[in-house]
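The structure appears right after this line, and notes come after that.
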Amino acid sequence: MHLQTLGPSPASPDEAAAQQERLRPLVDPTGPGPTDPRTVAGIDVADCEGTDEVVAAVVVLDARTLRPVETRTACARAGHPYEPGFLALRELPAVTAALEALEHVPDLIVCDGAGVAHPRRFGMACHVGLLTDVPTIGVAKSPPGPYEMPKPARGSWTPQVDGDDVVGRALRTQHGVRPVFVSVGHRIGLDAACDHVLRLARHRLPETTRRADRLARDAALRV
DNA sequence: GCGACAG
DNA sequence: ATCTTGTCGC
């Protein structure tokens, strides 16, 4: 699929922070998103053992059946060790390559990790949103900080607050199971984002994430 | 048993 | 992220 140009790739955390600050005003954290998406994509990344490479996987699912209609993987040098707040510095080159190889343009993209629930309000899901101009959601497996535990029922949630802003939710996707941490990426509001995550979640994590995770893991073994 | 899930 | 171990439930 065609991707927008967002300027030169940062080569250090400092440059990445500057890029995040530059791009964050372009994020639109509102709107209904796709009302009745036909396809939903999931993205995840796995490390290749022993090498300096990471592999990104993109899986496009039929939104109705949750069956895959297209899968792509791409490899890239990690370049930098992981640093909190700079996941994209490490993962985005591979993610970009995988997205470029994609033939379908999905109606919605679910990213592994944060959207606006990020130190500079510009997590990976925001980055992918601007890159693709497709509505994006960030679903993280661990919280950005302390949070209030939602009630045990599936669908219950508590707000994630940062200063004066609500930046995301701890959302229960299965009864009694540890919540996931949802934040908006681009071109969709938090209510709609949580609706989609809930609809995609047969287990704790949405099917998009599970499928992309497995594909990335498998591909990483073969590198 | 095999897959899911907790820590 | 990854690995290891142990329990739970279909």
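Order of the sequence lines sets the chain letters (A, B, ...), proteins ahead of strands, with each chain counted from 1. Because the structure is a prediction, the values reported are computed rather than measured.
Note on A:R121 versus A:D165: salt bridge recorded, some NZ/NE/NH1/NH2 to OD/OE distance being below 4.0 Å. One finds no salt bridge joining A:R214 and A:D44 here, because no Lys/Arg side-chain nitrogen approaches an Asp/Glu carboxylate oxygen to under 4.0 Å. Taking a cutoff of 4.0 Å between a charged side-chain nitrogen and a carboxylate oxygen, A:R217 and A:D47 do not qualify as a salt bridge. Taking the charged nitrogens against the carboxylate oxygens, A:R67 and A:D62 have no contact shorter than 4.0 Å, which rules out a salt bridge.
The interatomic distance linking A:E49 (CD) with C:dA1 (C1') rounds to 11 Å, in whole Å. Between A:R214 atom CZ and B:dC5 atom P the separation is 13 Å, expressed in whole Å. Distance, A:D218 CG to C:dA1 C1': 16 Å, rounded to whole Å. In this structure, A:D213 atom CG and B:dC5 atom P are separated by 12 Å, rounded to whole Å. Following rounding to the nearest Å, A:R211 (CZ) and B:dA4 (P) show an atom-to-atom distance of 11 Å. Rounded to whole angstrom, the span from the CE atom of A:M149 across to the C1' atom of B:dA6 amounts to 12 Å. If you measure from atom CD of A:E91 to atom C1' of C:dT2, you get 14 Å, rounded to the nearest angstrom. Across the protein-nucleic acid pair, A:D44 atom CG and C:dT2 atom C1' stand 13 Å apart, rounded to whole Å.
Which of C:dA1, C:dC3, B:dC5 sits closest to the side chain of A:D112 comes down to C:dA1.
If you check every strand for non-hydrogen atoms under 4.0 Å, A:V54 touches nothing. Across all strands shown, A:R202 has no heavy atoms under 4.0 Å from either base or sugar-phosphate atoms.
Applying the 4.0 Å criterion to OP1 and OP2 of B:dG3, one finds that A:R210 has every side-chain N and O outside that range. Neither OP1 nor OP2 of C:dA1 sits under 4.0 Å from any side-chain N or O of A:R90.
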